[in-house]
Amino acid sequence: MKHWQIDQMDWDAFDATKVNPDILALVKAASVVERNARDYTIYLRNVFHDDSGFRDAAENWAEEEVQHGDALGKWAMLADPSWDYVEAFNHYREAYKIDTDVSSSIRGSRTGELIARCMVETGTSSFYTALADATDEPVLKAVCKQIAADEYRHFKLFYDNMHRYLDREKLGRWFRLRIALSRVMESEDDELATAYYITNTRGDAHYNHKDFIAAYMARALSFYQQKHLDRVTAMILKTSGLTPHSKMQAWLAKLFHKIIAWKQKSYARYLAQQA
């Protein structure tokens with residue numbers, strides 16, 4: 001059951017004067033990625049073909065993710081009445097596809113798959129928290145807070161199921177950490193770059209991965225604060241079986257903050273050079 005409904009949001013409180021164009025660009029991209037969750041559910045149902053309990057939970061997860069996309073899409077159309085969320089999603093579905101015809105996880109094990117899903121929810125929870133903190137537009141702030149709370153619950157869903165499989169598959173802590181970090185690095189793949197391209201360009205613009213991942217990341221990374229990365233690193237270590245609140249976590253959070261600041265500047269510099 002969904003924990004909230006789109007119609008419950010106070011859409012009449014929307015304030016066009018407080019729309020940040022960089023945040024709007026990110027929200028447009030996020031809306032189509034979120035709505036595409038049903039493809040990931042097909043993939044998960046195939047990987048966990050004999051686990052009916054998890055398959056049902058994955059179906060419910062997908063419905064909440066689709067609602068995230070619909071809420072973000074509705075807000076983006078308020079902020080930019082010339083933009084069509086449904087049309088953009090249909091174009092995104094044509095441009096970006098995942099391989100759902102599988103019988104096992106691309107991560108090598110079901111535990112590995114659930115670790116990867118934990119990292120996705122870690123990233124989205126922190127992303128929407130960062131956007132909620134950054135925006136002054138009241139409706140988007142409320143929507144992002146709701147989505148961030150959902151994503152944290154989704155993290156717990158995958159985390160709890162990860163432990164069920166960990167009891168059987170016995171993946172070591174450092175091996176789990178390696179899977180977690182490798183999934184974090186995949187945030188720069190074609191999924192987000194394609195979403196940004198589809199939702200933020202018009203006409204005959206040519207898709208170039210480097211250009212559009214830079215356009216996305218230069219904006220997205222600029223909104224992360226140290227407190228957001230404190231939580232991210234704690235969730236990474238918790239998933240890996242390491243102490244989440246420790247000297248190692250504090251050191252890792254500060255390192256992440258420096259890396260993100262450096263990457264954001266690098267992407268922004270690249271965009272400036274292209275311009």
Are [X] and [Y] linked, directly or through other ILVMFWY residues, by side chains that come within less than 4.5 angstrom of each other?
X	Y	value
Tyr267	Trp262	no
Val86	Trp75	no
Val66	Ile147	no
Leu166	Val47	yes
Tyr96	Ile106	yes

Any idea which heavy atoms bring [X] and [Y] closest together, and the distance?
X	Y	value
Asp99	Tyr43	O-CD1, 3.7 Å
Ile236	Val184	CD1-CG2, 4.2 Å
Asp15	Pro138	CB-CD, 4.2 Å
Trp83	Ala88	CZ2-CB, 3.6 Å
Ile6	Ala71	CD1-N, 3.7 Å
Ala13	Glu137	O-OE2, 3.9 Å

Does [X] [atom1] have over 12 foreign heavy atoms under 6.0 Å away?
X	atom1	result
Lys141	NZ	yes
Asp167	CG	yes
Lys258	NZ	no

Do the side chain of [X] and the main chain of [Y] share a donor and acceptor less than 3.5 angstrom apart?
X	Y	result
Asn36	Val32	no
Thr41	Ala37	yes
Ser31	Lys28	yes
Ser182	Ile179	yes
Arg176	Gly112	no

Does [X] make a cation-pi contact with [Y], if we ask for NZ or CZ under 6.0 Å from the ring centre and within 45° of the axis?
X	Y	result
Arg219	Tyr196	no
Lys74	Tyr85	no
Arg168	Tyr165	yes
Arg35	Phe89	yes

Distance-only criterion, 3.5 Å: show the donor-acceptor pairs between side-chain atoms of residues 123-131 and protein atoms not counting sequence neighbours.
| residue | atom | partner | partner atom | Å |
| --- | --- | --- | --- | --- |
| Thr124 | OG1 | Val120 | O | 3.1 |
| Thr124 | OG1 | Glu121 | O | 3.2 |
| Ser126 | OG | Thr122 | O | 3.2 |
| Ser126 | OG | Gly123 | O | 2.9 |
| Tyr128 | OH | Glu34 | OE2 | 2.7 |
| Thr129 | OG1 | Ser125 | O | 2.7 |

### Query
With the threshold set at 4.0 Å, does a side-chain nitrogen-carboxylate oxygen contact exist between Glu186 and Arg107?
yes
### Query
Is Arg202 paired with Asp80 through a side-chain N to carboxylate O contact shorter than 4.0 Å?
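Answer for the salt bridge query: yes.
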Decide whether [X] and [Y] meet the rule of one side-chain donor and one side-chain acceptor closer than 3.5 Å.
X	Y	result
His3	Glu64	no
Gln249	Thr233	yes
Asp230	Gln226	yes
Asp211	Tyr270	yes
Tyr92	Glu87	no
Asp133	His228	yes
Thr239	Arg117	no

### Test ring-ring contact (aromatic ring centres under 6.0 Å, His included) applied to Phe158 and His154, step by step
CA-CA 6 Å; Phe158 294 119; His154 295 164; 7.3 Å; no
### Task
Begin from the C-alpha positions of Met162 and Ile115 and carry the test side-chain contact (heavy atoms from CB on, under 4.5 Å) through to its verdict.
CA-CA 7 Å; Met162 178 199 75; Ile115 291 170; 3.4 Å; yes
### Message
I'd like to know whether Arg93 forms a side chain to side chain donor-acceptor pair (under 3.5 Å) with Asn90, so could you lay out the CA-CA distance, the side-chain angles of the two residues, the decisive distance to 0.1 Å, and finally the verdict.
### Response
CA-CA 5 Å; Arg93 287 268 294 162; Asn90 289 335; over 6 Å; no
### Task
Among Arg164, Glu169, His163, find the residue that satisfies the side chain to side chain donor-acceptor pair (under 3.5 Å) test when tested with Thr111.
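For Thr111, the side chain to side chain donor-acceptor pair (under 3.5 Å) test succeeds with only one of Arg164, Glu169, His163, which is Glu169.
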### Message
Applying side-chain contact (heavy atoms from CB on, under 4.5 Å) to Phe14 and Val19, what does each step give before you reach the verdict?
### Response
CA-CA 9 Å; Phe14 174 75; Val19 172; 3.8 Å; yes
### Query
Out of curiosity, Leu72 CG to Cys144 SG, how far, rounded to the nearest 0.5 Å?
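Here the interatomic distance stands at 6.0 Å.
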